Amino acid sequence: MSGSVVTRFAPSPTGYLHIGGARTALFSWLAAKKAGGKFLLRIEDTDRERSTQAAVDAIFEGLDWLGLKSDFEPEYQTKRFGRYREVIDEMLADGRAYRCYCSKQELDAMRAAQLARKEKPRYDGRWRPEPGKTLPPPPEGVTPVVRFRNPADGKVAFDDLIRGHVEYDNRELDDLIIQRSDGTPTYNFCVVVDDRDMGITHVVRGDDHVNNTPRQINILHALGQTPPVYAHVPMILGPDGVKLSKRHGAVGVIEYRAMGFMPEALLNYLVRLGWSHGDEEIFTRDRMIELFDVSQVQKSPARFDMKKAEWVNHQYLKVADPAVVAPEFDWHLRRIGLDPANGPALEAVIEAQRERCKTLVEMAEKSRFLYAELTGYDPKDAVKHLTAEGKQVLDDLRARLAALPAWEAPALHAAVHGYAEGCGLGLGKVAQPLRVAVAGAAVSPPIDVTLALLGRERTLARIAAAVN
RNA sequence: GCUCCCAUCGUCUAGAGGCCUAGGACGUCGCCCUCUCACGGCGCAAACCGGGGUUCGAAUCCCCGUGGGAGCACCA
């Protein structure tokens with residue numbers, strides 16, 4: 001690939017940004033970045049029935065969160081209807097396309113009859129002009145559709161970066177509709193015109209489009225254009241091996257944000273689905289760009305494995321710059337009704353919690369005691385640790401801690417350990433009651449870190465409350 | 001029904017004829033570490049869909065079968 005590479009991601013705004021679509025977008029984006037080229041976002045909204053502004057917004061939100069930015073002003077097909085009309089008129093003028101007056105009912109009947117005969121359903125070309133053929137007179141009051149005059153024989157072939165050489169017989173293809181009776185153009189046609197007009201050199205898209213490719217190439221040829229390079233990436237399956245859908249739970253990219261994923265981690269997991277580089281598992285964005293190669297992408301579909309996705313997220317959380325995680329953590333704290341201002345600095349909490357949290361949802365939950373007053377103790381933990389001896393320990397500890405000149409982890413550590421040793425108690429006998437008193441449950445970061453984060457006042461108050 | 005595609009541990013994958021007694025990772029299980037939960041360390045179990053070829057030799061090449069997927073719209 002040369003420096004003039006331009007790839008695109010062309011979703012239709014009929015719903016949220018699907019996780020599979022996100023991976024396709026990532027691959028497309030990577031292919032461009034890898035070549036030092038550019039990436040374009042194009043909204044394919046020619047289906048006015050199903051396209052919605054909410055879906056457009058959702059696509060932007062998802063892509064934005066993932067950091068997959070379009071290098072150009074996003075394109076909208078609905079803004080290009082004039083252009084499509086222009087090309088169709090040219091094709092109509094010299095016979096590369098023609099009008100067809102078949103009604104939908106007529107076409108349905110045709111299809112049904114063919115299926116009954118166990119044939120592949122296809123338009124029979126009844127309105128296709130042929131030398132020496134007399135066409136029926138156009139019926140009254142019927143607005144025709146426009147069909148592309150596909151080559152009747154020969155073959156169409158292309159070399160897919162992922163699938164290799166693919167060849168189709170033109171006889172398998174029929175004359176597809178490129179303009180509906182309401183005058184709007186259809187997908188296969190718009191894609192071709194757009195990819196050409198926008199200088200797309202590499203088409204990286206889902207492999208549900210493989211079968212459309214020969215048709216598009218034929219149109220491209222009719223337009224006197226050389227086809228771009230194609231790379232059809234397989235889709236993502238649910239854990240059960242069936243096409244990923246809402247039935248499996250989260251499918252929208254934004255839902256992954258809500259589940260506590262960091263965008264880079266999600267990207268990392270996604271890139272490993274169908275692609276690998278030796279034994280490496282963790283790839284930063286730059287590393288991906290450096291190593292990625294579309295032609296190495298697996299041909300077969302991959303299943304989404306939440307466990308591994310969470311592992312990747314955890315790996316990322318453990319080494320990320322807390323300052324980068326903080327805004328996202330902030331978002332999650334607010335989401336569960338906590339005020340980030342009513343507690344320790346986010347960065348410090350992130351550093352204390354990151355090793356025990358696979359997701360930011362977990363981190364937010366486990367940090368609740370730092371941002372809100374305790375509403376009670378975990379029943380089991382209270383019974384086990386807030387015993388008479390436990391309370392005695394707490395009482396002793398409160399006095400010792402209150403006397404500490406500096407409220408910092410090392411000093412707190414020394415105080416707690418010193419007390420335990422002095423009483424000949426195991427640390428567990430001391431740290432656990434303290435943990436329950438202060439965090440509400442028997443789980444928290446190391447006790448000294450926990451106390452340091454909580455602060456002197458809250459710690460002392462909670463210990464006192466626990467003793468009573 | 002027709003056309004096209006795919007096929008290595010439960011999952012993601014390495015593997016491009018001998019380096020494979022098939023490697024790594026997630027997950028699972030066991031052990032160690034330990035103030036809780038984790039992190040970390042160590043270890044076990046776990047796969048070449050089936051059948052034919054080709055070859056001295058096949059996970060790797062070919063054919064058939066099986067299983068899975070996509071498309072065949074006035075959807076994209």
Side-chain angles (χ1 to χ4, degrees), chain A residues 10-14 44-47 49-51 77 100 102-104 107-108 111 114-122 143-147 160 163-164 166-169 171-174 176-188 190-191 205-214 232 234-235 237 239 241-243 269 272-282 298-312 314 318 353-358 366 381 385 413 416-417 420 426-432 434-436 439 441-448 450:
Chain A
S12 58
T14 52
E44 310 223 321
D45 51 359
T46 54
D47 183 352
E49 301 276 303
R50 303 195 304 160
S51 301
Q77 291 188 323
C100 167
C102 285
S103 66
K104 280 183 186 175
L107 292 171
D108 287 344
R111 224 182 333 268
Q114 286 162 331
L115 245 15
R117 270 180 270 130
K118 297 182 190 259
E119 286 170 14
K120 179 173 177 171
R122 61 203 299 282
T143 41
V145 298
V146 176
R147 286 184 184 271
D160 193 286
R163 317 193 137 220
V166 183
E167 201 172 88
Y168 281 81
D169 208 309
R171 275 169 303 202
E172 291 299 327
L173 277 23
D174 61 359
L176 74 161
I177 291 171
I178 57 178
Q179 186 180 86
R180 303 182 183 93
S181 48
D182 68 0
T184 58
T186 60
Y187 167 73
N188 280 106
C190 297
V191 171
R205 63 188 359 172
D207 71 358
D208 47 333
H209 290 290
V210 193
N211 291 287
N212 288 324
T213 308
H232 288 97
M235 52 187 218
L237 271 24
V242 178
K243 188 172 183 170
Y269 175 70
R272 279 286 290 103
L273 231 45
W275 177 80
S276 66
H277 183 264
D279 290 342
E280 281 187 57
E281 293 289 350
I282 303 304
Q298 209 82 19
K299 291 191 196 73
S300 50
R303 302 183 192 209
F304 193 95
D305 181 23
M306 190 59 78
K307 283 278 192 293
K308 181 140 185 190
E310 286 179 342
W311 176 80
V312 172
H314 193 195
K318 283 197 297 184
Q353 300 276 216
R354 70 206 318 196
E355 288 203 337
R356 68 208 83 237
C357 302
K358 290 189 190 303
K366 288 181 174 172
D381 292 339
H385 301 291
H413 180 89
V416 175
H417 276 255
L427 234 202
K429 289 281 182 203
V430 178
Q432 286 305 80
L434 188 49
R435 204 180 314 264
V436 175
V443 175
S444 86
I447 199 66
D448 52 345
T450 300

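Bear in mind the structure is a predicted one, so any value in this text is a computation, not a measurement. Numbered from 1 within each chain, the chains take letters A, B, ... in sequence-line order.
A straight line from CE of A:Met235 to P of B:A7 spans 15 Å, rounded to a whole angstrom. Spacing between atom CG of A:Asn188 and atom P of B:A76 amounts to 9 Å, rounded to whole angstrom units. Rounded to an integer number of Å, the gap from CE of A:Met306 to P of B:A25 is 23 Å. Regarding A:Glu281, its CD atom lies at a distance of 11 Å from the P atom of B:G27, rounded to whole Å.
Distance noted for atom P between B:U60 and B:G18: 12 Å (whole Å). Look at the P atom in both B:G50 and B:U66: the space between them is 15 Å, to the nearest Å. Comparing B:G40 with B:C63, their P atoms sit 46 Å apart, to the nearest whole Å. Rounded to whole Å, the separation between the P atoms of B:G43 and B:A59 comes to 28 Å. As rounded to the nearest Å, B:G71 and B:A76 have C1' atoms that lie 13 Å from one another. Taking atom C1' on both nucleotides, B:C56 is separated from B:G51 by 23 Å, rounded to a whole Å. As rounded to the nearest Å, B:G69 and B:C32 have C1' atoms that lie 46 Å from one another.
At the heavy-atom level, A:Lys104 lies under 4.0 Å from base atoms of the strands shown. If you check every strand for non-hydrogen atoms under 4.0 Å, A:His385 touches nothing. Across all strands shown, A:Thr14 has no heavy atoms under 4.0 Å from either base or sugar-phosphate atoms. A:Gly274 comes within 4.0 angstrom of the backbone, heavy atoms only, and of no base. Nucleic acid contact class of A:Leu273 (heavy atoms, under 4.0 Å, all strands): sugar-phosphate only. Within 4.0 Å of A:Cys102, counting heavy atoms only, lies at least one base atom of the nucleic acid. If you check every strand for non-hydrogen atoms under 4.0 Å, A:Tyr269 touches nothing. Within the nucleic acid shown, A:Arg111 comes within 4.0 Å of sugar-phosphate atoms alone, with no base atom in reach, counting heavy atoms only. Among the atoms of the strands shown, only primed sugar atoms or phosphate atoms (P, OP1, OP2) are found under 4.0 Å from some heavy atom of A:Lys118. If you check every strand for non-hydrogen atoms under 4.0 Å, A:Ala442 touches a base. A:Val145 comes within 4.0 angstrom of a base, heavy atoms only. Note on A:Pro11: nothing from the nucleic acid sits closer than 4.0 angstrom, heavy atoms only. Residue contacts shown for A:His417 are absent, as no nucleic acid heavy atom lies under 4.0 Å away. Base contact: A:Arg272 has a heavy atom under 4.0 Å from a base atom.
Comparing A:Gln432 and A:Pro239, the nucleotide of RNA chain B nearest to each residue sits closer to the 5' end for A:Pro239. When the nearest nucleotides of RNA chain B are assigned to A:Asn212 and A:Ala302 by heavy-atom distance, the more 5′-ward of the two goes with A:Ala302.
When distances are taken from the side chain of A:Val443 to each of B:A70, B:U36, B:A14, the shortest belongs to B:U36. Which of B:C26, B:C37, B:U36 sits closest to the side chain of A:Lys366 comes down to B:C37. The nucleotide whose nearest atom lies closest to any side-chain atom of A:Gln298 is, among B:C35, B:U11, B:U13, B:U13. The side chain of A:Pro446 sits closest to B:U36 out of B:U36, B:C26, B:A76. In this structure, the nucleotide among B:A14, B:C35, B:A76 sitting nearest to the side chain of A:Leu427 is B:C35. Here the nucleotide nearest the side chain of A:Pro121, chosen from B:U11, B:A73, B:G23, is B:A73. With B:C39, B:C26, B:C4 as the candidates, the nucleotide lying closest to the side chain of A:Lys308 is B:C26. Ranking B:C2, B:G24, B:C4 by closeness to the A:Glu172 side chain, first place goes to B:C2. In this structure, the nucleotide among B:G1, B:C74, B:U3 sitting nearest to the side chain of A:Arg147 is B:C74.
OP1 or OP2 of B:A14 has at least one side-chain nitrogen or oxygen of A:Ser276 nearer than 4.0 Å. An OP1 or OP2 oxygen of B:C2 is reached within less than 4.0 angstrom by no side-chain nitrogen or oxygen of A:Arg122. Taking only side-chain nitrogens and oxygens, A:Ser300 never comes nearer than 4.0 Å to OP1 or OP2 of B:C5. Taking only side-chain nitrogens and oxygens, A:Lys318 comes nearer than 4.0 Å to OP1 or OP2 of B:G40.
You'll find the side chain of A:Met306 stays beyond 4.5 Å of the side chain of A:Pro239, heavy atoms only. Proximity of A:Tyr269 to A:Asp305: side-chain heavy atoms (C-beta onward) are separated by under 4.5 Å at one or more points. Inter-residue side-chain proximity for A:His232 and A:Asp208 is flagged as unmet; no heavy-atom pair is nearer than 4.5 Å. Taking 4.5 Å as the limit, every side-chain heavy atom of A:Tyr187 sits out of range of all side-chain heavy atoms of A:Gln77. A:Arg171 has its side chain out of reach of A:Lys120: every pair of non-hydrogen atoms, C-beta onward, lies at least 4.5 Å apart. At least one side-chain heavy atom of A:Phe304 sits less than 4.5 Å from a side-chain heavy atom of A:Leu273. Taking the side chain as every heavy atom from C-beta outward, A:Pro144 and A:Cys100 never approach each other to under 4.5 Å.
Remark: the A:Ser181 side chain and the B:C74 base include a donor-acceptor N/O pair separated by less than 3.5 Å. Side chain A:Asp45 to base B:A76: no donor-acceptor pair is found below 3.5 Å. Looking at A:Arg435, its side chain comes within 3.5 Å of the base of B:C35 through a donor and an acceptor atom.
Pair assignment for B:U3: B:A70, on the basis of Watson-Crick or G-U wobble contacts that are both within less than 3.5 Å. B:C9 is unpaired under the criterion used here, namely a Watson-Crick or G-U wobble arrangement in which both key atom distances are under 3.5 Å.
Closest approach of A:Ala431 to A:Ile447, counting heavy atoms only: O-CD1, 3.9 Å.
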Handout entry: Evaluation steps, salt bridge (Lys or Arg N to Asp or Glu O under 4.0 Å), between A:Asp207 and A:Arg163
Key = CA-CA 10 Å; A:Asp207 71 358; A:Arg163 317 193 137 220; 2.9 Å; yes

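For B:C39, the base adopts the syn conformation, since its glycosidic angle falls within 90 degrees of zero.
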